[in-house]
Protein chains: 2
Amino acid sequence: MANIDDVAKIAGVSKSTVSNVFSKKRPISKEVSQRVLDAALDLNYRPNYWARSLANKRTNIIGLNMPGEQVKFSQFHLGLFNGVLKECYSQGYRLLVNTLSTEFSKQVEYVATDPVDGDILLDPAENDERISERIMRKLPLVVIGRPHHEYESSVSYVDNDNVGMGQIVAEHLLQLGHSHILFLNTQKERTVAQDREQGFIKAFQKADMPIDPKLIVYKDGKLTSTTYGYQMTKRLLASHPQITAIITDTDKVALGVYQAAEELKLRIPDDLSVFAFSDDSIYAPEFKPPLTGVRLNGEVLGSEAAKLLIEQLRVPNTIVKRILIPASLVFRGSCAKARTENNK
Amino acid sequence: MANIDDVAKIAGVSKSTVSNVFSKKRPISKEVSQRVLDAALDLNYRPNYWARSLANKRTNIIGLNMPGEQVKFSQFHLGLFNGVLKECYSQGYRLLVNTLSTEFSKQVEYVATDPVDGDILLDPAENDERISERIMRKLPLVVIGRPHHEYESSVSYVDNDNVGMGQIVAEHLLQLGHSHILFLNTQKERTVAQDREQGFIKAFQKADMPIDPKLIVYKDGKLTSTTYGYQMTKRLLASHPQITAIITDTDKVALGVYQAAEELKLRIPDDLSVFAFSDDSIYAPEFKPPLTGVRLNGEVLGSEAAKLLIEQLRVPNTIVKRILIPASLVFRGSCAKARTENNK
DNA sequence: TACGATGATAAAACCGGTTTACTATTAAAG
DNA sequence: CTTTAATAGTAAACCGGTTTTATCATCGTA
């Protein structure tokens, strides 16, 4: 492959002139410019991306980083991904999807700086090494989802309005007359769990209704989602027969609820209303009855995150920002008015 | 950021020794190694990705390239994407998604070589510049989908077994007693159209049945898929009332067929069987009746493509390969036995 | 005519690694 | 006790760009 020296020689100019013709960092006279471009065309020359990045200390690539072993993209990620790409596309950035196995990235011969100008991080966890590492290295960073307290004020992030969502959902069910609502929350450590719960409680307080703390349960990380939904539904309905509605984290959990309900001969939604956060799955409409949930705007989340990051790259030292994306309910038929004493 | 010279100085060795400790290209004694690693840890040093790439002429990044303006990933792409990522993950490659707007990539200041070791190309087109360009530059390349004749024998590719699929579908319908089958094919220029048609015809020949060429129609690029399905169904059913089954390209086309059928008061599947290639959409199960189609193994397609490419990168001058992924029918209820004269 | 200012190009240093060619040391072989 | 071979490490060149500094011609102005 031809390099910048070859072009310089053919065009009869110095390499710095060729460089400036391509990078446009300094004006080069029309005639010389043309001579250089002609020579480049002749030799089929293009500036080398790596050499340029090395000298520029910029790559025009942003990274999308998902936690180690989890490589599966879901429907929600698809939207997110489309959002990020849309933004990259229009602003001239490439996207590097980074899901190297830890096995690889720990080996000495693979240790290296990341080949990106900045990163979008998914699913932040408590004491997330990925975050602390990037802060230490001063790498521009935007997190999708709320990071834990330790980083919350030092890192820009974009998140669903989980508090708001929790509240809206609870209010909706309260208005339908449900007063004993089982909340099958996700793992306690995750920030989503805490946020949704907070909204849930807020709705009860606003309505001046008492909350039974036993009706908020958390997923055990070891259980599969469906098993979790199934087991908890059976257990809690046995101990708390007053329950008329269940809020689940995902539709997979809801599937377990449906199974339990069938065994218990409870009709949905007549005897039991079921609600699921995240409308992201392709299965939601296939439930019988179709599952009511919220629409997570993955695409908006993605594009906002990308915008935020690119802004950081363009204008260094931008302040830390938080963006909350509101979500809307999607009514499908798995929620109904609470059964009253007479039709019980 | 600390660089290799800093580390060398602290550890009291030359930079080439540091380089060899990290790249492991030459053995360095245990003690010196340790001294270097300690110094690196102290300085929080990591080898610079771009400097390394420049010297090595390898990036360990593979590119996923979609045609210019089309940035939307669909359900099918999702599977494909998961397949590619799975392979990257286990083989230590990063994935660069490349969807820069042409507006950007044509500007002189953005012209550059691609920062990848090789590319996976989606949706090859006739006279595809992306292909010819990469062949010229000798960039390793794997195409997903069958490229046109000009490149077919010079480029490795992975594709669905469209010929086989066309044949299986036609055979299935023939066995159900349909003899007048309308084939709403996609644009004539696309290789998928040609392949599926070939399989379709093969099935008829094998069954020794005549084909009415008027019953194979092609999509006009300007129409939306649904309009295409709707208009063609109305037109062809009017001129050829013997038609008892319709094969469509996608479920969007099928939706148009369903609409037309409803207007014509034809019941599906009793009066009219409908089949759709590609099960990739989330809508297929939501049709009434649910749509019968084929399962495209996007994930397999993706992982096979990635494997092929990585093999090319590891072993230069590997021969050109073609991989066909078989697809399987998914029966859902939109196809039935052909109506016979008596129940017509 | 001489002066500083301006603009275009060139020469050389630099970005941060890898690699080649060479030297010094030690071990094994004859 | 040499000779040969293998091992460990280094200096310098190199990968292909960018950038700083220097050079030189041209121009307006005093």
Side-chain angles (χ1 to χ4, degrees), chain A residues 1-37 39-40 43-61 108-117 137 139, chain B residues 1-37 39-40 43-61 108-117 137 139:
Chain A
M1 272 279 303
N3 67 18
I4 197 170
D5 287 310
D6 301 333
V7 177
K9 203 185 292 173
I10 298 271
V13 297
S14 77
K15 59 190 285 199
S16 42
T17 302
V18 177
S19 173
N20 281 318
V21 167
F22 276 95
S23 67
K24 290 200 174 165
K25 300 210 173 159
R26 288 197 172 188
I28 298 290
S29 70
K30 199 97 196 246
E31 310 87 68
V32 176
S33 245
Q34 198 52 54
R35 224 166 60 226
V36 169
L37 288 176
L43 294 172
N44 193 15
Y45 164 81
R46 291 169 173 225
N48 180 299
Y49 204 102
W50 314 317
R52 193 175 249 191
S53 299
L54 176 58
N56 279 333
K57 297 167 174 293
R58 288 196 321 126
T59 63
N60 284 318
I61 295 178
V108 180
E109 60 265 52
Y110 289 104
V111 171
T113 57
D114 271 335
V116 297
D117 292 339
R137 296 192 182 279
L139 230 82
Chain B
M1 273 277 305
N3 67 18
I4 198 170
D5 287 309
D6 301 333
V7 177
K9 204 185 291 172
I10 298 271
V13 296
S14 75
K15 59 189 286 199
S16 39
T17 302
V18 177
S19 173
N20 280 318
V21 167
F22 276 94
S23 68
K24 290 200 174 165
K25 300 209 172 161
R26 285 197 175 185
I28 298 290
S29 72
K30 200 93 196 255
E31 309 88 66
V32 176
S33 248
Q34 198 52 54
R35 224 165 62 226
V36 169
L37 289 176
L43 294 172
N44 193 15
Y45 164 81
R46 290 168 174 228
N48 180 299
Y49 204 102
W50 295 101
R52 194 175 250 191
S53 297
L54 175 59
N56 278 334
K57 295 168 175 291
R58 289 195 321 124
T59 62
N60 284 317
I61 295 177
V108 180
E109 60 265 52
Y110 289 104
V111 170
T113 57
D114 271 335
V116 297
D117 292 339
R137 294 192 183 279
L139 229 80

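Letters go in sequence order (proteins before strands), and every chain restarts at 1.
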May I ask you to decide if the ring planes of A/F22 and A/Y45 are parallel, tilted or perpendicular, using 30° and 60° as cut-offs?
->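 Ring orientation, 0 to 90° scale: perpendicular.
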Which part of the nucleic acid, if any, lies within contact of A/Y45, taking any heavy atom under 4.0 Å across all strands shown: a base, the sugar-phosphate backbone alone, or nothing?
-> sugar-phosphate
Give A/R58 one of three labels, base, sugar-phosphate or nothing, depending on what nucleic acid heavy atoms sit under 4.0 Å from its own.
->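 Touches nothing.
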B/V32 or B/A55, whichever maps to the more 5' nucleotide of DNA chain D =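 Nearest nucleotide further toward 5': that of B/V32.
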Sorted by position of nearest nucleotide on DNA chain D, 5' first, the leading residue of A/S19 and B/T17 is B/T17
Can you tell me whether the side chain of [X] and the base of [N] have a donor-acceptor pair closer than 3.5 Å?
X: B/R26; N: D/dG9; answer: yes
X: A/S16; N: C/dA11; answer: yes
X: B/K15; N: C/dG17; answer: yes

Return no unless some side-chain N or O of [X] is found under 4.0 Å from OP1 or OP2 of [N].
X: A/N48; N: D/dG16; result: no
X: A/N56; N: D/dT19; result: yes
X: B/S29; N: D/dG9; result: yes

Of the listed nucleotides D/dG9, D/dT10, C/dA11, the one nearest the side chain of A/S14 | C/dA11
Is there a donor-acceptor pair under 3.5 Å between the side chain of A/N3 and the backbone N or O of A/D6?
-> yes
So, A/R35 side chain and A/A11 main chain: donor-acceptor pair closer than 3.5 Å or not?
->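 A pair under 3.5 Å: yes.
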